[in-house]
Each structure stands twice: as structure tokens, then as C-alpha cells.
2 protein chains.
Amino acid sequence: MISQKARYALRALIALSRANNSMMIAQIAEEQQIPRKFLEQILLDLKHNGIVASRRGRLGGYGLLMPPDQITFGRVLRIVDGPVAPLPCLSRIAYRRCTDCKTEANCEIRRVFARVAEAVRDVLDRTTIADAIGNGWPEIAGAEKNAEKEKKSVPLQA
Amino acid sequence: MISQKARYALRALIALSRANNSMMIAQIAEEQQIPRKFLEQILLDLKHNGIVASRRGRLGGYGLLMPPDQITFGRVLRIVDGPVAPLPCLSRIAYRRCTDCKTEANCEIRRVFARVAEAVRDVLDRTTIADAIGNGWPEIAGAEKNAEKEKKSVPLQA
DNA sequence: TAAAACACTACTTATTAGATAGAGTTTTGG
DNA sequence: CCAAAACTCTATCTAATAAGTAGTGTTTTA
């Protein structure tokens with residue numbers, strides 16, 4: 001099971017992608033029904049990991065640091081939940097040998113779960129936020145809408 | 001990540017399959033380096049779920065209730081760890097609606113993880129203990145060895 | 001009939017999930 | 001220039017879960 005936190009993170013990123021503009025924490029929190037202070041931490045974490053950028057002060061807010069079709073589910077999950085692998089000894093970002101199994105190469109359990117891990121990565125590392133919402137970025141059809149919003153948009157800071 | 005408990009369960013079942021005979025808890029615990037009292041609980045749980053059978057008293061022990069090629073990883077994991085699905089709303093054994101998402105049918109996150117769930121089940125529900133150890137049961141080649149052991153073997157109780 | 005083995009239930013302890021709280025730092029409208 | 005608005009950071013809290021321990025009860029058989 002993925003954590004609630006990871007789901008919040010994904011929902012926030014989807015919201016930001018749809019908005020096609022920066023949004024304030026409070027705005028995302030209300031729209032997505034996410035506890036505001038919890039969302040703050042999540043966004044901060046995503047910022048520290050180069051997914052989003054922010055701006056402080058009165059016209060502050062968060063925005064994507066890259067187009068939605070470059071943000072994979074796998075990357076977000078690894079930031080928020082840690083390893084995606086079903087066993088520590090199969091993790092790429094946090095490999096840890098299993099203390100008990102003698103020789104990793106012929107561990108029956110590892111062999112089976114290696115196939116699970118591969119299947120999971122096959123989906124998570126190939127599916128982006130853009131795939132999830134069903135379009136790329138920037139929205140080509142929304143050119144006029146974008147132009148209108150650009151007046152109000154302010155540069156964000158990584 | 002799957003739990004340590006699930007790994008112990010799988011290892012115990014692999015040991016029982018290899019032994020091709022009933023084993024005492026203490027025997028499995030020592031061989032597999034599993035805390036004995038913890039293993040007791042696990043085996044009891046597997047017994048309550050029809051995977052293994054036991055016999056009490058002096059010549060007691062545990063044995064498989066079905067051939068290893070009929071015990072899938074998925075079944076064991078669901079008994080020991082609960083749902084295999086990445087989201088409650090994708091679980092077959094413990095479905096729970098996500099409180100927050102309005103309409104399940106067009107939840108972007110659910111759509112993506114449905115593909116993950118399918119991929120995971122594809123491996124876990126098709127892979128058996130026999131697959132993991134690389135042979136079926138009973139061992140056709142071990143006919144004489146089996147006959148020898150049959151003298152000592154005692155019927156187990158489901 | 002007592003020792004050996006499983007059966008059951010309750011407890012413990014450490015970690016994690018899911019928040020909440022609050023003080024600090026930037027930014028900007030007036 | 002300053003106060004309100006918004007992000008930043010760190011600490012704390014509570015409930016649940018993971019992983020294991022403990023102890024008493026029940027069954028079997030040498």
C-alpha cells in the first residue's frame with residue numbers, strides 16, 4: 001500500500017499541472033481536501049527534490065519546475081515513500097542486504113520478487129503526471145488562456 | 001516492502017516443501033533462523049488458512065496441506081500481510097473506497113495504480129512455492145527416498 | 001503419566017504514519 | 001517602512017503497526 005502522503009503529493013502535482021500556473025498552498029489544500037500543514041511539508045519535500053519551485057510573500061505559491069510529462073510516478077513515490085522495491089535487497093535507492101539469506105544470488109524469495117519489482121518499475125517509471133491526466137504540457141489548445149494568465153504569473157525560485 | 005513476517009512464512013513453506021515431510025517448529029526455526037515463538041504464530045495462521053496442517057504431541061510437527069505447486073506467493077502474502085494491492089480501492093480481499101476521491105471511475109491515481117496492481121498480481125498469483133524452488137511435488141525422482149520416510153511419517157490434522 | 005510438541009492469548013517495545021503547532025523568514029501593498 | 005500574507009523549518013503528538021516475547025493451556029505418546 002502506498003501512503004496517504006504519497007497520494008497527497010501526486011494529487012497536488014496533478015492539481016498544479018492542471019492549473020498550468022503557480023498555486024498557493026491553501027488553494028491546493030482546499031481544492032484537494034488535504035490537511036494544509038501536512039501539505040506544506042510535502043511540497044517542501046518535493047521542492048528540496050527539485051520537482052517544484054516556490055515563491056514567498058504576498059503573491060507566493062508553488063509551481064512545477066518541469067513539464068508534467070517529465071515527472072514520473074516512480075520519482076514522486078521514491079521521494080515521499082522511499083523505495084518502491086518489495087525487498088530491501090532489491091532497492092536501487094536504498095539497497096540493504098538481507099541479514100538472513102546466505103547467498104543473495106540463489107535466494108528463492110528474492111528471485112520471485114525481482115520479477116515483481118521489475119513489473120512495478122515498468123509502470124511507475126514510465127508513467128508521468130501528464131499520462132495520468134491525459135495530456136502534455138503546456139496545453140497547446142490553451143494558448144490564449146495562458147497568455148491571459150501570464151500577466152499575473154511571477155517567477156518561482158528553485 | 002513486504003514484511004519480515006511474510007518472508008518468514010515463505011521461507012518456512014519452502015523448507016517444508018524441500019523436506020517433503022512434516023517438520024517440527026523448532027527444526028524449521030533453527031534451519032531458517034527464525035525466532036521460534038514468532039514462527040509458531042505464523043504457522044498457526046497458515047494452518048487456520050488451510051495451507052498447512054499440524055499434529056501435536058511427541059511426534060508432532062507441521063506439513064503442507066497441498067502440493068507446493070498449488071501454493072501461490074499471492075495467497076501466502078494475503079494471509080500474512082493482508083492486501084497485495086497498492087491502494088485500498090484496488091484490493092480484492094479488503095476493498096475500501098478512498099474517502100477523498102469523488103468518483104472512483106475517473107481517479108487518475110487509481111487508474112495508474114490499477115496497472116501496477118495487475119502487474120503485481122500477474123507475478124504473485126501465478127508463481128508458486130514449487131516455481132520458486134524449481135520443482136514440483138511429489139518429487140518423482142525421489143520415490144525410494146519417500147518410501148523410506150513414509151515409515152516415520154504420521155498423518156497431520158487440518 | 002510426564003515430557004514434548006502444538007495452541008492460544010496477552011503483552012512489550014520500537015518504528016512509522018499522519019498529522020499539528022508554532023516560531024522564523026520573505027515579499028509586497030499601502 | 002511596516003504589517004499582513006505566504007512560504008520555511010523543526011519539534012511534537014497520537015494511533016497504528018511491526019516484530020517479537022512470555023506464559024499458560026491442550027494433546028499425544030513413549
Side-chain angles (χ1 to χ4, degrees), chain A residues 1-9 11-12 16 22-30 32-49 52-63 65 77 80-83 87-88 94 98-100 152-158, chain B residues 1-9 11-12 16 22-30 32-49 52-63 65 77 80-83 87-88 94 96 98-100 152 154-158:
Chain A
M1 294 268 178
I2 69 163
S3 71
Q4 182 76 277
K5 193 172 172 185
R7 273 183 283 165
Y8 287 158
R11 292 231 310 262
L16 282 172
S22 79
M23 291 175 79
M24 292 190 304
I25 294 175
Q27 206 179 340
I28 302 173
E30 190 182 14
Q32 298 295 322
Q33 296 278 87
I34 302 172
R36 183 223 161 89
K37 292 295 276 182
F38 197 22
L39 180 58
E40 278 187 18
Q41 292 179 42
I42 295 167
L43 288 170
L44 204 51
D45 205 0
L46 292 176
K47 176 184 175 175
H48 290 150
N49 283 278
V52 297
S54 69
R55 180 182 171 73
R56 303 219 260 199
R58 285 203 93 112
L59 274 83
Y62 274 92
L65 205 61
L77 283 179
V80 175
D81 274 0
L87 292 175
C98 294
T99 49
D100 38 13
K152 284 203 159 190
S153 85
V154 265
L156 302 168
Q157 211 171 16
Chain B
M1 295 270 179
I2 69 163
S3 70
Q4 181 75 279
K5 192 174 173 185
R7 274 183 285 163
Y8 287 158
R11 293 231 308 265
L16 282 173
S22 79
M23 292 175 80
M24 290 190 307
I25 295 176
Q27 206 179 338
I28 303 174
E30 190 182 14
Q32 299 295 322
Q33 296 279 85
I34 302 172
R36 182 222 162 90
K37 293 294 276 180
F38 197 23
L39 180 59
E40 276 187 21
Q41 292 179 42
I42 295 168
L43 288 171
L44 205 50
D45 206 359
L46 292 176
K47 176 184 174 175
H48 290 326
N49 282 276
V52 297
S54 70
R55 180 181 173 74
R56 305 219 258 200
R58 285 202 92 113
L59 273 86
Y62 274 91
L65 227 136
L77 284 179
V80 174
D81 274 1
L87 292 174
R96 264 187 40 238
C98 294
T99 49
D100 38 13
K152 283 202 160 189
V154 264
L156 300 168
Q157 209 172 19

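Residue numbers begin at 1 in each chain, while the letters A, B, ... track the order of the sequences.
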Selected nucleotide, minimal atom distance to S3(B) side chain, candidates dA19(D), dA4(D), dG20(D):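 Taking heavy atoms from C-beta onward, the closest nucleotide is dA19(D).
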Whole angstrom value for the distance that separates [atom2] of [N] from [atom1] of [X]:
X	N	atom1	atom2	value
F38(B)	dC8(C)	CZ	P	18 Å
Y8(B)	dA18(D)	OH	P	14 Å
I34(A)	dT20(C)	CD1	P	13 Å
L39(B)	dG20(D)	CG	P	11 Å
R58(B)	dA2(C)	CZ	P	13 Å
D45(A)	dG18(C)	CG	P	14 Å
L46(B)	dC6(C)	CG	P	14 Å
L59(A)	dA4(D)	CG	C1'	13 Å

Mind checking side-chain contact (heavy atoms from CB on, under 4.5 Å) for [X] and listing every partner two or more places apart, or none if nothing turns up?
X	value
D81(A)	I2(A), S3(A), A6(A), L77(A)
M23(B)	A15(B), L16(B), A19(B), Q27(B), I28(B), E31(B)
R36(A)	I25(A), A26(A), A29(A), E40(A)

Between N or O atoms, less than 3.5 Å apart, protein on one side and nucleotides 7-10 of chain D on the other: list the pairs.
unit_1: dC7(D); atom_1: OP1; unit_2: I25(A); atom_2: N; d: 3.0
unit_1: dC7(D); atom_1: O3'; unit_2: S54(A); atom_2: OG; d: 3.4
unit_1: dT8(D); atom_1: OP1; unit_2: K47(A); atom_2: NZ; d: 2.4
unit_1: dT8(D); atom_1: OP1; unit_2: S54(A); atom_2: OG; d: 2.7
unit_1: dT8(D); atom_1: OP2; unit_2: Y62(A); atom_2: OH; d: 2.2
unit_1: dT8(D); atom_1: O4'; unit_2: R56(A); atom_2: NH1; d: 2.9
unit_1: dC9(D); atom_1: OP2; unit_2: H48(A); atom_2: NE2; d: 3.0

State which residues pass side-chain hydrogen bond (donor to acceptor under 3.5 Å, both in side chains) with [X]; sequence neighbours excluded, sorted by chain then number.
X	answer
E30(B)	none
Q32(B)	R11(B)
R7(A)	none

To the nearest 0.5 angstrom, please state how far the [atom1] atom of [X] sits from the [atom2] atom of [Y].
X	Y	atom1	atom2	result
L46(B)	L65(B)	CG	CG	11.0 Å
Q33(A)	Y8(A)	CD	OH	9.5 Å
I34(A)	Q4(A)	CD1	CD	8.5 Å

Nucleic acid footprint by protein, nucleotides 11-16 of chain C - heavy-atom cut-off 4.0 Å, B for base, S for sugar-phosphate alone: ------
